[in-house]
Amino acid sequence: MNDTTAPRFPRRRIAAAGIAIGLVGAGVFFTQQALGEAPPGTPGGTIAVTGEPALAPTDSTLAPSEADGVIRDDARPSVFDDHLPAVSKLDPALLEALRRAATDARGDGVEFEVNGGWRSTALQEKLLADAVAQYGSMEEAARWVASPTGSAHVSGEAVDLGPLSALDWLAQHGADYGLCQIYANESWHYELRPEAVDGGCPAMYADSSEDPRMSR
């Protein structure tokens with residue numbers, strides 16, 4: 001989330017390490033998906049979103065709800081569940097690529113679950129505040145959670161997926177659909193990179209603090 005000069009790592013070199021780091025982060029992700037404790041940049045529990053903290057919602061008088069992109073831990077939605085704003089408000093091109101990939105993955109016995117998708121500004125603010133409280137500083141929280149102005153979730157351009165079988169399938173086949181893991185420490189976070197279909201996914205950032213979009 002800082003500047004464009006931060007080092008980036010070749011996808012091939014970090015593939016195994018990224019999965020290992022992602023699994024560690026996934027522990028945080030799945031624990032923090034509880035309401036008011038979603039994992040910073042991970043999939044999870046009562047609120048299935050990438051984690052952030054407790055600022056009062058700016059566009060709601062109540063705690064963030066499904067209308068804000070919250071996914072309850074008992075929902076286990078697929079990329080076809082249009083009744084959930086977290087899914088239906090994703091960028092149309094991303095959603096189309098996800099649905100094609102999910103259909104083909106199902107043929108291999110793999111199901112995609114959406115742990116986080118589109119989010120309102122209010123929800124992203126809450127997740128960021130929670131991350132600062134958990135990690136003790138904005139600098140450390142920024143490795144996992146974007147600000148509302150920098151978050152690809154708020155713009156509908158990112159999705160957090162699970163379970164591990166789906167992440168493994170995407171690591172092998174995601175580029176064929178333009179679906180790319182963006183951060184080495186977040187094996188669940190995917191965005192659309194159409195050029196990946198022909199040229200492969202770009203090198204990953206070590207974490208979101210290196211993403212120049214986060215300086216916005």
Side-chain angles (χ1 to χ4, degrees), residues 1 25-79 81-92 94-95 98 112-162 182-183 185-192 207-209 211 213-216:
M1 303 182 185
V28 178
F29 177 93
F30 290 112
T31 1
Q32 290 186 320
Q33 289 298 298
L35 182 60
E37 197 182 353
T42 17
T46 304
I47 291 186
V49 291
T50 27
E52 286 117 333
L55 293 180
T58 57
D59 56 2
S60 173
T61 57
L62 303 174
S65 66
E66 285 188 357
D68 294 291
V70 169
I71 298 174
R72 302 292 172 180
D73 61 355
D74 57 351
R76 307 289 184 197
S78 77
V79 298
D81 285 332
D82 283 331
H83 67 285
L84 290 174
V87 174
S88 64
K89 290 189 175 184
L90 287 172
D91 174 77
L94 170 60
L95 190 55
L98 284 168
F112 287 9
E113 293 178 2
V114 178
N115 294 307
W118 169 84
R119 299 176 194 147
S120 70
T121 296
L123 178 55
Q124 193 68 23
E125 285 178 343
K126 174 168 174 48
L127 295 179
L128 181 57
D130 288 344
V132 172
Q134 176 181 352
Y135 291 109
S137 71
M138 180 64 78
E139 181 179 8
E140 185 61 21
R143 297 185 58 241
W144 300 98
V145 182
S147 69
T149 55
S151 174
H153 284 281
V154 173
S155 64
E157 296 173 323
V159 64
D160 294 333
L161 299 166
I182 303 302
Y183 308 122
N185 68 332
E186 296 187 23
S187 60
W188 50 84
H189 179 105
Y190 273 78
E191 298 181 25
L192 183 65
D207 58 57
S208 58
S209 67
D211 189 337
R213 293 175 297 179
M214 302 310 158
S215 62
R216 295 183 298 186

Do Trp188 and Asp160 come close enough that some side-chain heavy atom pair is under 4.5 Å? yes

In the structure I gave you, are the side-chain heavy atoms of Val114 and Pro77 within less than 4.5 Å of one another anywhere? yes

Distance-only, no hydrogens or angles: does the Ser147 side chain make a donor-acceptor pair with backbone N or O of Met214 under 3.5 Å? no

What verdict does the side chain to side chain donor-acceptor pair (under 3.5 Å) test give for Glu157 and Ser155, after you've listed the backbone C-alpha separation in whole Å, the side-chain angles of each residue and the deciding distance to 0.1 Å? CA-CA 6 Å; Glu157 296 173 323; Ser155 64; 2.9 Å; yes

Got Leu90 and Leu98 here, is their nearest side-chain heavy-atom distance under 4.5 Å? yes

Pairwise side-chain contact, Phe112 with Ser78, heavy-atom cut-off 4.5 Å (strictly under): no

Partner set under salt bridge (Lys or Arg N to Asp or Glu O under 4.0 Å) for Glu113, not counting sequence neighbours: Arg76

Contacts of Glu140 that satisfy salt bridge (Lys or Arg N to Asp or Glu O under 4.0 Å) - sequence neighbours left out: Arg143

Does the side chain of Arg213 come within less than 4.5 Å of Ile182's, by heavy atoms? yes

Any Asp207 side-chain heavy atom under 4.5 Å of Glu186 side chain: no

Would you say the side-chain atoms of Ser151 pair up with the backbone N or O of Pro148, donor to acceptor, closer than 3.5 Å? no

Those residues at least two apart in sequence (or on a different chain) that pass salt bridge (Lys or Arg N to Asp or Glu O under 4.0 Å) with Asp81 are none

